[in-house]
> 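Quick one: structure below, then a few questions.
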Amino acid sequence: MVKVVLFVQSAFIGYFSKPNSLWMNKNTYAIISVVAAAVLLMWYAFYNRYPLVTGDSGAYVYFAQDFAVLKDRSSFYSIWLAITGLRTLEFAGVRGSLWAPVFFQCLLLAILFLRYYRMLGHTTPVKSIHYLLATVLVAAFTAVSSIAAFIMPDIFASVLLLAILLYLYDDKASGKICLLYLGLIGFSILVHNSHFLIVPVFCVLMLLFAQLTMQLAVRRRILYVLGVSACCWLLVCSINAIYGFGFTLSPGSHVFMAGKLVETGTMKKYLDEQCAVKQHKLCRYKDQLPEKAYQYIWADEGPFKKIGGWDSSAGEHKAVIREIFTTPKYVADFAKTALRHSWQQLQFIRIWEHGQTFDKFSAPYMSIEKHVKFELTQFTGSHQQRRTINNSTWIDVQQIVLVLSILGVGILLLRGKLPKHTTYIYTAIVIFIICNAFITASFANVLDRLQTRIFWVLPATNIFVLVNFYWQWANKRKIY
């Protein structure tokens with residue numbers, strides 16, 4: 001069996017190494033490999049027969065048409081959808097499509113993978129075919145394809161992490177490449193409000209780690225990342241001020257914070273104790289508060305709608321939030337629950353098994369019907385809409401690969417085979433995963449999608465490290 005594998009390997013590599021072959025042009029080969037990798041990363045969308053959507057996807061598609069500033073989310077993912085095919089194709093006389101943004105999401109990942117794979121290879125000679133084979137393994141045995149297949153900004157959480165890792169540790173990057181990394185970090189921060197909090201917390205922790213390990217160059221670069229984060233805050237706050245929402249990061253932040261206080265139970269405790277002396281409108285509905293934040297925010301007949309909804313609840317919410325976070329016992333109660341929720345969020349390392357379906361009155365259905373109507377048949381015929389997605393076997397395989405890859409990397413670490421910069425990269429990944437869990441669980445929702453969007457980077461890194469080690473081992477023994 002080993003001889004067969006080695007024979008196939010030698011034949012495959014030999015085909016792409018012919019002296020007069022087109023593939024001798026390294027740049028051409030790299031471009032073709034990256035495009036091929038992008039197509040491979042799209043496999044989950046192909047399997048589903050259409051890009052996947054959530055309830056929020058409809059809003060992003062709608063606002064890609066007019067670039068309106070949104071109260072409840074970042075507008076920048078809508079801009080991404082527009083420029084990657086939903087609007088720009090129309091200028092060329094081609095109908096816009098939701099397939100195009102998914103392709104460009106995967107293409108962006110494929111480009112980052114090439115740089116990331118080379119960085120993890122350290123002294124190993126890197127060939128494009130090696131990178132392509134590694135990408136196949138990552139696409140097959142991690143959740144990356146299922147995340148990239150969504151019309152949602154979730155994939156940019158992992159793009160953000162990869163761009164930061166490359167900026168901090170890619171010593172072979174030129175000045176122009178480093179500027180591109182910083183630009184990508186900035187855009188990735190802008191597409192989702194949680195990133196505005198995750199990045200500063202991550203950078204502070206990384207500064208401490210860099211100081212302890214005497215990574216002086218890395219410490220300086222972390223400060224640049226913090227600077228980019230500050231610029232993103234200033235940009236978004238300025239945009240909201242120009243549009244009349246005030247100099248704030250999110251005009252709807254008070255709504256989400258109130259929803260989180262409802263979910264933690266802190267809101268109920270506060271109202272039970274303070275309604276005797278406070279004249280809050282919420283006091284009338286303190287016994288009708290739902291269990292979850294999303295129920296509080298989106299329920300048609302819930303307390304939030306009864307106190308004025310998005311338009312008239314700001315004063316009420318801000319007063320309650322201010323009083324809660326200036327009262328030590330409520331702060332302690334919220335912090336205790338936030339830590340518990342963060343731990344729960346950390347445990348979401350598996351992708352969700354079945355996608356949600358959407359009827360003709362839902363935002364995703366109506367947005368597709370209005371703006372990409374010719375794709376409506378594909379959408380309604382997708383596995384997601386037909387409830388025929390079954391990921392159980394694939395998820396089990398991912399878990400097995402995760403365990404085996406951790407064991408493999410652990411053995412390399414114990415044997416002293418991992419370069420020091422690789423151990424630093426792993427530390428940064430773990431810190432980012434923890435920051436993501438803490439921020440999303442404390443200020444948004446305890447939701448599997450919010451953690452699996454980033455966790456796949458860990459097993460992907462394991463695969464890249466192990467594949468690089470294999471080629472290094474094979475090269476020394478002249479197996480091919």
> When you compare the side chain of Ser158 with that of Arg453, does any pair of heavy atoms fall below 4.5 Å?
no
> Tell me whether Gln345 contacts the main-chain N or O of Leu447 through its side chain, where contact means a donor paired with an acceptor under 3.5 Å.
yes
> Within the 4.5 Å heavy-atom criterion, are Val236 and Phe196 side-chain neighbours or not?
yes
> Check the orientation of Phe46 and Trp99. Use parallel for under 30°, tilted for 30 to 60°, and perpendicular for over 60°.
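Parallel.
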> Do Leu81 and Phe63 come within less than 4.5 Å of each other through their side chains, counting heavy atoms only?
no
> Apply side-chain contact (heavy atoms from CB on, under 4.5 Å) to the pair Thr54 and Gln356, showing each step before the final yes or no.
CA-CA 7 Å; Thr54 70; Gln356 182 182 357; 5.6 Å; no
> How about NZ on Lys306, more than 12 heavy atoms from neighbouring residues, nucleotides or ligands closer than 6.0 Å, or not?
yes
> Report yes if some heavy atom in the side chain of Tyr424 is under 4.5 Å from a heavy atom in the side chain of Val218; otherwise report no.
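In short, these two side chains do not touch, never coming nearer than 4.5 Å.
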> Is there a donor-acceptor contact under 3.5 Å from the side chain of Gln295 to the main chain of Lys292?
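Yes.
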> Compare every heavy atom of Thr142 with every heavy atom of Ala460, then report the nearest pair and how far apart it is.
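Taking Ala460 first and Thr142 second, the nearest heavy atoms are N-CG2, 4.0 Å.
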> Step by step, work out the side-chain contact (heavy atoms from CB on, under 4.5 Å) result for Thr452 and Ile349.
CA-CA 5 Å; Thr452 54; Ile349 62 175; 5.8 Å; no
> Can you see which heavy atom on Cys435 is nearest to which on Val201, and at what distance?
SG-CG1, 3.8 Å
> Rounded at 0.5 Å granularity, tell me how far OG1 in Thr266 sits from CD1 in Ile321.
11.5 Å
> Quick check against the 3.5 Å criterion: does His421 have a side-chain atom that pairs as donor or acceptor with the backbone of Met119?
yes
> Carefully, step by step, assess Leu402 and Phe455 under the rule side-chain contact (heavy atoms from CB on, under 4.5 Å).
CA-CA 11 Å; Leu402 172 64; Phe455 183 81; 3.9 Å; yes
> Identify the residue among Phe256, Tyr294, Tyr285, Trp310 that makes a ring pair (Phe, Tyr, Trp, His ring centres under 6.0 Å) with Phe304.
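In the set Phe256, Tyr294, Tyr285, Trp310, the residue that makes a ring pair (Phe, Tyr, Trp, His ring centres under 6.0 Å) with Phe304 is Trp310.
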> Would you say that Tyr365 contacts Thr380 through its side chain, given a criterion of any heavy-atom pair below 4.5 Å between the two side chains?
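With C-beta onward as the side chain, the pair touches.
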> Determine whether the aromatic ring centres of Phe156 and Phe187 lie less than 6.0 Å apart.
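Between Phe187 and Phe156, which both carry aromatic rings, the centre distance is below 6.0 Å.
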> What distance do Ile368 atom CD1 and Phe379 atom CZ have between them, rounded to the nearest 0.5 Å?
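Answer for the CD1-CZ pair, Ile368 versus Phe379, is 4.5 Å.
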> Counting only N and O atoms by type, is there a donor-acceptor contact under 3.5 Å from the side chain of Asn468 to the main-chain atoms of Phe464?
yes
> Side chain to side chain donor-acceptor pair (under 3.5 Å) for Thr388 and His383? Distances and angles first, verdict last.
CA-CA 5 Å; Thr388 52; His383 283 298; 2.6 Å; yes
> Sub-3.5 Å donor-acceptor pair from the side chain of Ser145 to the main-chain atoms of Tyr44, do we have one?
yes
> Evaluate the criterion side-chain contact (heavy atoms from CB on, under 4.5 Å) for residue pair Arg221 and Cys178; output intermediate values, then yes/no.
CA-CA 10 Å; Arg221 292 189 175 193; Cys178 286; 4.2 Å; yes
> Please check if the side chain of Gln385 supplies one atom and the backbone of Phe358 the other of a donor-acceptor pair under 3.5 Å.
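Present.
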> Could you tell me which non-hydrogen atom of Ser442 sits nearest to which non-hydrogen atom of Phe334, and how far apart they are?
O-CZ, 3.3 Å
> So, do Leu223 and Leu207 sit near enough that their side-chain heavy atoms are less than 4.5 Å apart?
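When only atoms from C-beta onward are counted, Leu207 and Leu223 do touch, with a gap below 4.5 Å.
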> Before we go on, tell me: are the rings of Tyr47 and Trp394 under 6.0 Å apart, centre to centre?
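No - the distance between ring centres of Tyr47 and Trp394 does not fall below the 6.0 Å cut-off.
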> Would you give the length of the straight line joining atom NZ of Lys305 to atom OH of Tyr296, rounded to the nearest 0.5 angstrom?
11.0 Å
> The test is side chain to side chain donor-acceptor pair (under 3.5 Å); show your working for Tyr50 and Gln384 and say whether it passes.
CA-CA 9 Å; Tyr50 196 68; Gln384 180 183 12; over 6 Å; no
> For Gln451 and Thr440: C-alpha separation, side-chain torsions, deciding distance, then whether side chain to side chain donor-acceptor pair (under 3.5 Å) applies.
CA-CA 8 Å; Gln451 191 65 12; Thr440 56; 4.6 Å; no
> Flag yes if more than 12 heavy atoms outside Tyr243 fall under 6.0 Å of its OH atom; otherwise flag no.
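No, the 6.0 Å shell around OH holds no more than 12 heavy atoms from other groups.
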> CZ of Phe374: more than 12 outside heavy atoms within 6.0 angstrom?
yes
> Is there a side-chain contact between Tyr426 and Leu458, using heavy atoms and a 4.5 Å cut-off?
yes
> Can you measure from CG (Leu112) to CG (Leu162) and round to the nearest 0.5 angstrom?
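Atom-to-atom, Leu112:CG and Leu162:CG are 5.5 Å apart.
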> Short question: side chain of Tyr77, backbone of Met152 - any donor-acceptor pair under 3.5 Å?
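Yes; at least one donor-acceptor contact below 3.5 Å.
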> Quick check: closest heavy atoms across Pro101 and Trp80, and the distance to 0.1 Å?
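Scanning both residues, the minimum pair turns out to be O-NE1, 4.1 Å.
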> Is Thr461 reaching over with its side chain to a backbone N or O of Val457, donor-acceptor style, under 3.5 angstrom?
yes
> Any heavy-atom pair between the side chains of Phe209 and Gln215 that's under 4.5 Å?
yes
> Out of curiosity, Ile147 CD1 to Leu109 CG, how far, rounded to the nearest 0.5 Å?
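It is 10.5 Å, given to the nearest 0.5 Å.
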> Measure the CG-CZ distance between Asp154 and Arg449 for me, rounded to the nearest 0.5 Å.
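Nearest 0.5 Å value for the CG-CZ distance: 4.5 Å.
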> Which residue in the set Lys318, His317, Arg322 passes side-chain hydrogen bond (donor to acceptor under 3.5 Å, both in side chains) when paired with His254?
His317
> Trp233 side chain to Leu249 main-chain N or O, any donor-acceptor pair under 3.5 Å?
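Not a single qualifying donor-acceptor pair exists.
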> When you measure from the side chain of Arg387 to the backbone N and O of Thr357, does any donor-acceptor pair fall under 3.5 Å?
no
> In this structure, are over 12 heavy atoms from other groups packed under 6.0 Å from Lys268 atom NZ?
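Yes, enclosed.
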> Where do Pro290 and Val262 come nearest, in terms of heavy atoms and distance?
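Closest pair (atom of Pro290, atom of Val262, distance): O-CG1, 3.3 Å.
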> List the atom of Tyr62, the atom of Met366, and the distance in Å for their closest heavy-atom pair.
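Tyr62 and Met366 have their closest heavy atoms at OH-CB, 3.2 Å.
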> Stepwise, does the side chain to side chain donor-acceptor pair (under 3.5 Å) test hold for Thr248 with Asn240?
CA-CA 6 Å; Thr248 179; Asn240 285 323; 5.7 Å; no
